[in-house]
Colleague: 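First the structure, then my questions, so here it is.
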Amino acid sequence: MAEEQQLHPDDEQVERYALGVLAAQEIPMVEQHLLICGACQDRVEEMDAYVQGMQAAARQLRVEEMAKRVQRRPKSAGGTRIA
Amino acid sequence: MIDPRGAGLRGDTADSDARGQTPWPALIEKIQANDATGMEELYRIFSRGVRFFLWRQLGPQDMEDTVHDTFLTVAQAIRRGDVREPDKLMGFVWTIVRRHLATQIERTVNGRNQNVDLDGAARVLDYSPDPEWTAIVRQREMLAHRLLSEVSGRDREILVRFYLQEQPQEEICREMGLTETQFRLLKSRAKARFGALGRRKLARRRICW
């Protein structure tokens, strides 16, 4: 029990937890630790913010790239873009 | 897992006795004896963590009610003698929290007429319009967008594969010709840059005030 309390998850575990890909067998130990460790709660919240920001930004960049590709398509003789 | 003595981190919520162990048996005895300080201590140790999980999975909706229900359930179980191994109180509380979360998620999902596969990472956040929260989320997106715009095309591809496409690390390393160390270094730098951009933005705001 003391061991569960004192072992903080490492940065890779925190990232995997924030991404929702932490191994099932690791979740109980990490979550029980998070239940009582404010410092690690802060680490997870910080990682959540980063992951969510990156995901949203990556989606936005993809949209921008697609828009640029559409703009670069050559126009047909009638002035409309070729599909 | 890392040893906090090496990492310089310490749990700041649960107190420990001289042996480094939280006295769960003593706490359970207090609660079973209807000692008010026992409930206060239970709340002090676990309330931040319970709120952390509830907020993360459910958002602010019904937070206080669910926190209250969780502690009520734990206290009643302790008084009934359901905690057969006092040293495992933390695991017991965690189980109760998970059950309450699952119940709340099911209620929320049924209310929205959706089917959700419940796993440890499922989140059913309440996206009620909160201008401050919306601004915070937008800020994070802008910082991350700037970060992704600053890095090389190859680094951007790697980060997008990992964070957006959720491609496993091993696959990314194999397809992009990276070692595990190179991959971790890239992620670490990106996260550090995100943090630095955020702090710079905060510093600029303070100057403007």
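Each chain gets a letter, A, B and so on, in the order its sequence line appears, and its residues count up from 1. From a predicted model like this one, the values you see are computed outputs, not experimental measurements.
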Colleague: Does a donor on one side chain sit under 3.5 Å from an acceptor on the other, for B/Q167 and B/E175?
Modeller: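 Note: B/Q167 and B/E175 side chains meet the donor-acceptor criterion.
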
Colleague: Between B/Q165, B/E166, B/R184, which shows the greatest number of heavy-atom pairs under 4.5 Å with chain A?
Modeller: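 Greatest number of close heavy-atom pairs with chain A: B/R184.
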
Colleague: Would you mind checking which part of B/E85 comes under 4.5 Å of any heavy atom in chain A, side chain (CB onward), backbone (N, CA, C, O), both or neither?
Modeller: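 Contact with chain A is absent: no heavy atom of B/E85 under 4.5 Å.
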
Colleague: Can you say whether B/V93 sits under 4.5 Å from chain A via the side chain, the backbone, both, or neither, judging by heavy atoms?
Modeller: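 It is both, since atoms from each part get that close.
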
Colleague: I'd like to know if B/E141 and B/R138 make a salt bridge, using a cut-off of under 4.0 Å between side-chain N and carboxylate O.
Modeller: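 B/R138 and B/E141: salt-bridged.
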
Colleague: Top residue by heavy-atom pair count (under 4.5 Å) with chain B, among A/R62, A/Q60, A/E45?
Modeller: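 Winner by heavy-atom pair count: A/R62.
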
Colleague: At a 4.5 Å cut-off on heavy atoms, which part of B/I136 comes close to chain A: side chain, backbone, both, or neither?
Modeller: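 Neither part.
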
Colleague: Check the orientation of B/Y43 and B/F71. Use parallel for under 30°, tilted for 30 to 60°, and perpendicular for over 60°.
Modeller: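 The rings of B/Y43 and B/F71 sit tilted, inter-plane angle from 30° to 60°.
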
Colleague: Please rank B/A190, B/G198, B/S149 by heavy-atom pairs under 4.5 Å with chain A and give me the top one.
Modeller: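 That would be B/A190.
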
Colleague: Could you check A/Q32, A/E31, A/H33 and say which one makes a side-chain hydrogen bond (donor to acceptor under 3.5 Å, both in side chains) with B/W94?
Modeller: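 One option only clears the test, and that one is A/E31.
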
Colleague: Would you mind checking if B/R48 and A/D42 are paired as a salt bridge, meaning a charged N to carboxylate O distance below 4.0 Å?
Modeller: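 Looking at B/R48 together with A/D42, the answer is yes, because their closest N to O distance falls below 4.0 Å.
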
Colleague: Just give me the residue among A/A56, A/A49, A/A24 that pairs up with chain B most often, heavy atom to heavy atom, under 4.5 Å.
Modeller: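 Option with the greatest count: A/A49.
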
Colleague: Under a 4.0 Å N-O cut-off, is there an ion pair linking B/E40 with B/R44?
Modeller: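 Looking at B/R44 together with B/E40, the answer is no, because their closest N to O distance does not fall below 4.0 Å.
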
Colleague: Is the shortest side-chain N to carboxylate O distance from B/K187 to A/E12 below 4.0 Å?
Modeller: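 Between A/E12 and B/K187 there is a salt bridge, with a charged N closer than 4.0 Å to a carboxylate O.
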
Colleague: Let me know if B/R156 has heavy atoms under 4.5 Å from chain A in its side chain, its backbone, both or neither.
Modeller: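 The side chain, not the backbone.
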
Colleague: So for B/Y163, is it side chain, backbone, both, or neither that comes closer than 4.5 Å to the heavy atoms of chain A?
Modeller: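 Both backbone and side chain.
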
Colleague: Of the backbone (N, CA, C, O) and the side chain (C-beta and beyond), which part of A/E64 lies under 4.5 Å from a heavy atom of chain B, both, or neither?
Modeller: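 It is the side chain, since no backbone atom gets that close.
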
